[in-house]
Protein chains: 2
Amino acid sequence: MTGRPLEPAPAKYAHIADSLRSRINNGVHPPGTMLPSEAQLVREFAASRSTVVRALEYLRQLGYLEGVQGKGRMVLGTPVPRRPVPPRRVHVALHASELANATLLGAGRAPASPRIAAVLEIAVGELVIARQRTMFDSETEWPLLSTVYMPAVAAEGTGFGASDLLREGALDHLERRRRIRAADVVERMNLRTALPREATSLGLDRNASTLASLLVVRNAAQQALLVIEQVMPVPPHGIEEVFALAHA
Amino acid sequence: MTGRPLEPAPAKYAHIADSLRSRINNGVHPPGTMLPSEAQLVREFAASRSTVVRALEYLRQLGYLEGVQGKGRMVLGTPVPRRPVPPRRVHVALHASELANATLLGAGRAPASPRIAAVLEIAVGELVIARQRTMFDSETEWPLLSTVYMPAVAAEGTGFGASDLLREGALDHLERRRRIRAADVVERMNLRTALPREATSLGLDRNASTLASLLVVRNAAQQALLVIEQVMPVPPHGIEEVFALAHA
DNA sequence: CCTGATTACTTGACTAACCAAGTTGGACAG
DNA sequence: CTGTCCAACTTGGTTAGTCAAGTAATCAGG
């Protein structure tokens, strides 16, 4: 027996990255503080600068730190798990243009219903800009009625209240026109009876049950920017989505 | 005017990475073929080996290629966009143990209903292992009935049919015991009337409406490994999930 | 024909050095 | 006191070289 280890030693850069990551996770280098310089880490780990930089680059990519040329690297902390990205149906609702698969029913001012007013944090009956269309799901051809609501003040200058077809999704349009960024979207899915106008638009019987989905698009401060309400007849096979499970 | 360019020249490694990525996207280097060796790329791009390797490493991390020491780098092709990860409610269904917030109602063999048989691709009435519990959503305290189904053959040796409480989620347990990996999960959400046993377990009126969710866990070959059916009374405020929108 | 050694080639990891670009603090002059 | 300059330090990018580990083909010997 030569005393050879049963497992290969981890690469040096991996060991350095692990050490630094543990320190960040354990609060030795708290968020907002500067990490030791490359030169210091070279001395501490007895490695070349390239090897140290490789470890640091890996941690940067993971979100543990960020570097400023000439200044140093600041600790960001343990990266928080991101919330999942929207499933397909929500993505389509936010980004689908009005040019295909859709029929614009109307666009303009309307008084906010209690539900919409609550979500937009405005008074019931206050004027909002509403934009309504019927469309068909591109995969299932199932019909749905989609209504975008926006506070009248926020809609100024965006063209949301006009009857020209939007060439981009409602969210894309808002972000571009208003130069703002949406941070997240809340989906509330529920079962309810169709309103008379909804039943007419969707060709349903009066008092038919529908699946209703309210999408509240928010900014980083969690203020509502945009609300999209989608109503559809209950699909015979339900609503289907596929999610990835394997971790590469 | 000194003729200085208005934009800084891209870093050399970035230019090499872009060039190679374009070639892969355009089919010059098709998936399954070997990329030119580092030495060849060094000559082609008139760069040092470290610079070439940096570009290749970036593409590897993006999923365009993979390297085997001594052999070369094989083109994987344009990475397909990953499907979204499961929202919270699906994650809980797959991973929550039976130790908290849950009451195991029973575990054992049962004949497959037409719906479960279709999903598992077995004959109606064939025996499956079923495991049923009631639980409460940890955020909303809303009740739900959850039933895990697995083909009897696949369940052998896993302890799924036994009455001991599982200390891990059903999927975790299956993956560990069977040393297999699940690739994705299909969620089918629908509205239906509660079966009599479901109504009893959930304390509902007969023929009450429920939101029913069928989760089909599949392997990479899209064969069903596990099915989880969840039934809940229609929540008064619906089912809510939050999705991230901002791109860092 | 099979096996082991050798050679040429490949990628993975590491070192040392250099240049570029930026930050910061101290010294000095007005 | 304020502004400018400069040195020391920082990270970003690049080059050149070495050693380690692996692949694949060829050749020689049994």
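Residue numbers begin at 1 in each chain, while the letters A, B, ... track the order of the sequences.
- Side-chain N/O atoms of A:Arg54 include none lying less than 4.0 angstrom from OP1 or OP2 on C:dC14.
- When all heavy atoms of B:Leu65 and B:Leu56 are compared, the pair lying nearest together is CD1-O, 3.7 Å.
- The base of D:dG12 sits within donor-acceptor range of the side chain of A:Arg49, with an N or O pair under 3.5 Å.
- We find that CG of B:Leu41 is positioned 15 Å from C1' of C:dC9, with the value rounded to whole Å.
- Listed candidates were D:dT23, C:dG12, D:dT14. Nearest to the side chain of B:Ser48 is D:dT14.
- Each of B:Glu38 and A:Tyr13 was assigned the nucleotide of DNA chain C with the nearest heavy atom; the assignment lying further toward the 5' end belongs to B:Glu38.
- Between D:dA21 and B:Lys71, no contact under 4.0 Å exists linking OP1 or OP2 to a side-chain N or O.
- Comparing D:dA20, C:dA13, D:dG12 against the side chain of B:Gln69 picks out D:dA20 as the nearest.
- By the 4.0 Å N-to-carboxylate-O rule, B:Glu241 lies too far from A:Arg83 to be salt-bridged with it.
- Looking at A:Glu57 and A:Arg60, a side-chain N of the basic residue comes within less than 4.0 Å of a carboxylate O on the acidic one, giving a salt bridge.
- Distance, B:Met74 CE to C:dG12 P: 13 Å, rounded to whole Å.
- Counting any heavy atom pair closer than 4.0 Å across all strands shown, A:Val53 reaches no nucleic acid atom.
- Across every non-hydrogen atom of B:Ala182 and B:Glu175, the tightest pair is N-OE2, 2.9 Å.
- Remark: A:Thr51 is in phosphate contact with C:dT15, judged by side-chain N or O atoms under 4.0 Å from OP1 or OP2.
- The CE-C1' distance, from B:Met34 to D:dT23, rounds to 10 Å in whole Å.
- At the heavy-atom level, B:Ser50 lies under 4.0 Å from base atoms of the strands shown.
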